[in-house]
Structure formats: structure tokens, C-alpha cells
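None of these values were measured; they are calculated from a predicted model.
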Amino acid sequence: MRSHSEILKDIAQFEPVAGMWLPLDDLLNELWSAGQPPIDVLPTLFGVFERFPEDDGAGVFWSIVHGVEALPYNYGRLLRESHGRVPSEMSKIMLARLANSPGAA
């Protein structure tokens with residue numbers, strides 16, 4: 001089993017070939033299967049949204065959304081920073097979901 005950092009390196013370098021996003025889905029599944037990742041995975045995951053701001057990765061980006069939401073971290077600040085650098089459709093969706101979540105301020 002590879003470490004979180006090894007998997008994140010591949011996620012950070014991922015580029016779809018001929019519109020194929022399934023290799024990214026495989027990397028995300030590997031990341032989530034490797035146990036709870038540390039909070040420092042978030043910039044890399046949000047970086048995927050920044051690199052492809054108008055895309056949803058043929059649905060694969062939802063694996064990032066659901067995976068991050070399942071983590072025990074308060075990720076709002078990092079998500080807002082990412083969205084401030086490069087507004088993306090997926091960060092916009094995640095920010096709306098945060099705003100509508102129970103206990104949102």
C-alpha cells in the first residue's frame with residue numbers, strides 16, 4: 001500500500017487523456033482506502049478544482065467532495081482560500097453545501 005504523500009503526488013500531476021478521468025477516480029479510491037489522510041491533503045485536492053475550474057471530471061470530482069466532507073477536519077478556510085485563488089464550479093458547490101450544513105455560521 002502506498003503512502004498518502006505518494007498518492008497525492010500522482011493526484012497533483014494528474015491530467016486526463018482523451019477525456020478519461022477514471023485514472024483520477026482510481027487514485028482517489030486509493031487515497032480514501034489508505035486510511036484517514038492528514039489535513040495537509042486538502043490543498044492538493046482543492047488544487048484539482050483550481051486546475052479544472054469549469055469541470056466536474058466526468059463526475060469524478062464528486063469523489064473529492066464526498067471524501068473531504070467525510071473527513072473530521074474544518075476545511076472551510078482552505079476551501080475559501082482555494083476558491084479565492086481560482087473560482088471553480090466544484091468549490092462553489094462545496095461552499096454552498098457548507099453554508100447549508102447544520103451548525104453553519
Report yes if some heavy atom in the side chain of Ile11 is under 4.5 Å from a heavy atom in the side chain of Val41; otherwise report no.
-> no
Under the side chain to side chain contact (heavy atoms under 4.5 Å, CB included) rule, what do Phe61 and Val48 come out as? Steps first, then yes or no, please.
-> CA-CA 8 Å; Phe61 289 5; Val48 173; 3.6 Å; yes
Return the minimal non-hydrogen interatomic distance between Asp56 and Ala58, and the atom names on each side.
-> OD1-N, 3.0 Å
Counterpart residues, side-chain contact (heavy atoms from CB on, under 4.5 Å), relative to Glu54 (two or more places apart) = none
Check residues 84-94 and write down every donor-acceptor pair under 3.5 Å in which the side-chain atom is one partner and the other belongs to a residue at least two apart or another chain.
{"unit_1": "Arg85", "atom_1": "NE", "unit_2": "Glu50", "atom_2": "OE1", "d": "3.4"}
{"unit_1": "Arg85", "atom_1": "NE", "unit_2": "Glu50", "atom_2": "OE2", "d": "3.3"}
{"unit_1": "Arg85", "atom_1": "NH2", "unit_2": "Glu50", "atom_2": "OE2", "d": "2.9"}
{"unit_1": "Ser88", "atom_1": "OG", "unit_2": "Ser91", "atom_2": "N", "d": "3.0"}
{"unit_1": "Ser88", "atom_1": "OG", "unit_2": "Ser91", "atom_2": "OG", "d": "2.8"}
{"unit_1": "Ser91", "atom_1": "OG", "unit_2": "His83", "atom_2": "ND1", "d": "2.5"}
{"unit_1": "Ser91", "atom_1": "OG", "unit_2": "Ser88", "atom_2": "N", "d": "3.3"}
{"unit_1": "Ser91", "atom_1": "OG", "unit_2": "Ser88", "atom_2": "O", "d": "3.1"}

Scan residues 23-42 for pairs that pass ring-ring contact (aromatic ring centres under 6.0 Å, His included), counting only residues two or more places apart or in two chains.
-> none
Mind checking whether Phe52 and Trp62 sit in one hydrophobic cluster, side chains of I, L, V, M, F, W, Y counted as touching below 4.5 Å?
-> yes
Output all residues satisfying side-chain contact (heavy atoms from CB on, under 4.5 Å) with Ala34, sequence neighbours left out; order by chain, then residue number.
-> Met1, His4, Ile7
Out of curiosity, Leu42 CG to Glu81 CD, how far, rounded to the nearest 0.5 Å?
-> 11.0 Å
Determine all donor-acceptor pairs shorter than 3.5 Å in which one atom belongs to a side chain in residues 21-30; sequence neighbours excluded.
{"unit_1": "Asp25", "atom_1": "OD1", "unit_2": "Ser63", "atom_2": "OG", "d": "3.1"}
{"unit_1": "Asn29", "atom_1": "ND2", "unit_2": "Asp25", "atom_2": "O", "d": "3.3"}
{"unit_1": "Glu30", "atom_1": "OE1", "unit_2": "Arg2", "atom_2": "NH2", "d": "3.0"}
{"unit_1": "Glu30", "atom_1": "OE2", "unit_2": "Arg2", "atom_2": "NE", "d": "2.8"}

Partners meeting side-chain contact (heavy atoms from CB on, under 4.5 Å) with Ser33 (sequence neighbours left out) | none
From Leu78 atom CG to Phe46 atom CZ, the distance as rounded to the nearest 0.5 Å | 6.5 Å
OG1 (Thr44) and CG (Leu8) are apart, to the nearest 0.5 Å, by 5.0 Å
Return all side-chain donor-acceptor pairs below 3.5 angstrom for residues 67-75, not counting sequence neighbours, or 'none' if the list is empty.
{"unit_1": "Glu69", "atom_1": "OE1", "unit_2": "Arg97", "atom_2": "NH2", "d": "2.7"}
{"unit_1": "Glu69", "atom_1": "OE2", "unit_2": "Arg97", "atom_2": "NE", "d": "2.7"}
{"unit_1": "Glu69", "atom_1": "OE2", "unit_2": "Arg97", "atom_2": "NH2", "d": "3.4"}
{"unit_1": "Tyr73", "atom_1": "OH", "unit_2": "Gln36", "atom_2": "NE2", "d": "3.1"}
{"unit_1": "Tyr73", "atom_1": "OH", "unit_2": "Pro37", "atom_2": "O", "d": "2.7"}
{"unit_1": "Asn74", "atom_1": "OD1", "unit_2": "Gly76", "atom_2": "N", "d": "3.4"}

ILVMFWY clustering at 4.5 Å (side-chain atoms), partners of Val17 = none
Rounding to 0.5 Å, atoms CG (Leu79) and CG (Leu95) come to a distance of 4.0 Å
